Amino acid sequence: MEFQIFLPTKVFFGKGDLSKIKEIKNFLGKRALIVTGQKSTKVSGSLSNLINYLKEVDVNFVLFDKVIPNPDTKIVIEGGEKYIENDCTSIIAIGGGSSIDAAKAIGIYAVNREIAPFLTGEKVLKNKIPTLVAIPTTSGTGSEVTKFAVITYENKKLAITSELIIPDFAILDPLLTLTMNEKIVRDTGLDALSHALEGLFSIGSTPFSDIFGYESIKIIYKYLPRSFSSSEDLEAREMMHLASMYAGIQISHSGTGIVHAMGYPLTLRYEFPHGYSNALLMPYVFKFELPNVYEKMAKVIEVLDLSTGDKYKDAEKLIELLVNLNKMMNVPLSLKDLGVEKNELEIFADEVDKNERLKKISPRAPNYDEILSIYKNAYLGVL
Ligand SMILES: [Fe+2]
């Protein structure tokens with residue numbers, strides 16, 4: 001057994017903990033760049049609450065509120081230039097995974113004055129980004145504790161993976177998640193589930209990352225349906241915020257896998273939310289991976305207290321359970337139902353085939369034909 005643990009983020013978790021930003025003012029320096037999306041943190045009031053707290057302790061800030069879903073390098077450069085022009089010294093990201101990932105990339109740009117070569121792998125990061133505070137307002141990405149930033153470049157979702165971009169602080173205030181609507185709860189919650197499961201099955205998984213995976217799945221199984229059906233169920237929202245962070249800690253050590261690789265082209269081409277694409281694909285990918293990871297799949301069923309005692313049957317039960325969860329939350333069974341064009345599957349498969357980063361940690365690395373056949377099964381809804 002050999003593994004490493006790296007958890008450099010100071011996490012504040014608790015209802016009302018947005019105010020903890022005041023406690024870390026000395027880490028923010030002369031001026032903070034606030035990175036957020038165009039709308040939701042304004043409508044929910046979380047951005048103005050954050051700003052009020054910063055004013056209370058005399059922290060200067062500049063606002064960059066142009067992050068869109070699946071942020072691209074153009075947005076990153078714009079934010080990075082704003083950071084440089086205003087002599088900022090730290091970054092506060094508030095919003096969903098897109099805002100936090102964009103903030104990590106803005107941090108990279110601020111230090112290096114370029115971003116694309118780090119996404120393509122042409123260059124490797126050598127310097128830590130400025131102090132970064134991540135304040136998630138959705139429960140799914142886990143980006144507040146991970147070493148990943150996923151950014152769109154030349155119509156592909158590419159990831160920078162580096163311990164130099166892990167946020168220094170994460171503020172997880174469950175009250176900020178109460179304004180998520182049903183769809184966002186579902187799409188982000190199912191992303192967290194895809195992290196927990198792919199993280200467990202990844203060949204990069206460790207005894208440490210697995211603890212977070214099993215615990216996260218237990219919480220999601222119990223609380224995601226509750227969080228989905230009621231925006232007033234604060235306990236469920238709080239637990240989902242916790243599960244999402246747990247899965248973030250997990251994948252920052254284990255990586256994800258083919259579900260993520262196969263979901264990216266769907267998200268870019270059809271604008272399906274990331275977690276929604278993953279949710280639809282999970283049963284088909286896991287069916288393919290089952291012969292290599294059925295013991296871990298069975299352990300998930302055991303952790304959920306649903307074991308039949310037969311490991312292979314239990315692994316198949318996990319796939320059934322995912323299909324049922326999708327049904328319960330109105331995720332269609334097939335790509336055909338979503339209006340995906342069949343003739344595009346080959347283009348998607350080709351792209352996944354080139355994703356060496358995620359292929360190499362898959363428990364059963366598929367070749368091009370196998371990827372295409374998983375897509376075809378998902379297209380037809382054949383398990
Ligand atoms: Fe994800």
Side-chain angles (χ1 to χ4, degrees), residues 67 69-71 93 95-105 119 134 136-152 156-161 165-167 170 177 180 183-202 204-205 209 212-213 216-217 219-220 224 240-286 289 322 325-326 329 331 348 351-352 355 357-359 361-362 378:
V67 180
N70 308 308
S98 297
S99 291
I100 299 173
D101 280 14
K104 290 174 176 172
L119 284 163
T137 56
T138 61
S139 309
T141 155
S143 184
E144 67 276 10
V145 290
T146 73
K147 60 180 175 184
F148 311 115
V150 179
I151 300 293
T152 303
K156 286 192 178 64
K157 279 176 77 113
L158 300 174
I160 295 171
T161 304
I165 65 172
I166 301 178
T177 69
M180 281 194 292
K183 278 197 176 121
I184 294 178
V185 169
R186 175 191 69 189
D187 298 339
T188 54
L190 290 171
D191 184 29
L193 181 61
S194 73
H195 294 163
L197 289 166
E198 284 219 286
L200 278 176
F201 307 152
S202 158
S205 67
S209 65
F212 288 90
S216 181
I217 291 164
I219 298 172
I220 294 168
L224 180 57
M240 281 305 299
H241 222 34
L242 184 66
S244 157
M245 178 189 65
Y246 280 176
I249 292 171
Q250 176 197 13
I251 58 164
S252 206
H253 293 83
S254 65
T256 55
I258 291 298
V259 171
H260 273 72
M262 290 183 67
Y264 287 154
L266 293 173
T267 294
L268 277 183
R269 172 69 180 84
Y270 291 98
E271 295 183 3
F272 302 143
H274 170 65
Y276 184 75
S277 303
N278 287 358
L280 192 147
L281 291 168
M282 272 196 283
Y284 303 97
V285 174
F286 293 159
E289 292 177 344
L322 292 172
L325 193 63
N326 282 350
M329 293 198 283
V331 176
F348 298 159
E351 195 179 309
V352 177
N355 193 332
R357 175 179 75 95
L358 294 176
K359 258 177 42 178
I361 54 169
S362 163

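Fair warning: this is a prediction, and the values are worked out from it, not measured in the lab. Just follow the structure's listing: the first ligand is 1, and inside any ligand the first atom is 1.
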Worksheet item: Less than 4.5 Å apart, any side-chain heavy atom of Leu268 and any of Tyr264?
Response: no
Item to complete: May I ask you to decide if Gln250's main-chain N or O and Ser254's side chain share a donor-acceptor pair within less than 3.5 Å?
Response: yes
Discussion item. Could you enumerate the protein N, O or S atoms under 2.8 Å from the Fe ion (ligand 1), written like residue then atom name?
Written reply: Asp191 OD1, His195 NE2, His260 NE2, His274 NE2
Worksheet item: Hey, does the side chain of Ser244 reach the backbone of Gly140 with a donor-acceptor pair shorter than 3.5 angstrom?
Response: yes
Worksheet item: Checking Thr267 side chain against Phe272 main chain: does a donor-acceptor pair fall under 3.5 Å?
Response: yes
Worksheet entry | Side chain Asn326, main chain Ala279, donor-acceptor under 3.5 Å | yes
Worksheet item: Is it true that the side chains of Thr152 and Asn70 contain a donor and an acceptor less than 3.5 Å apart?
Response: no
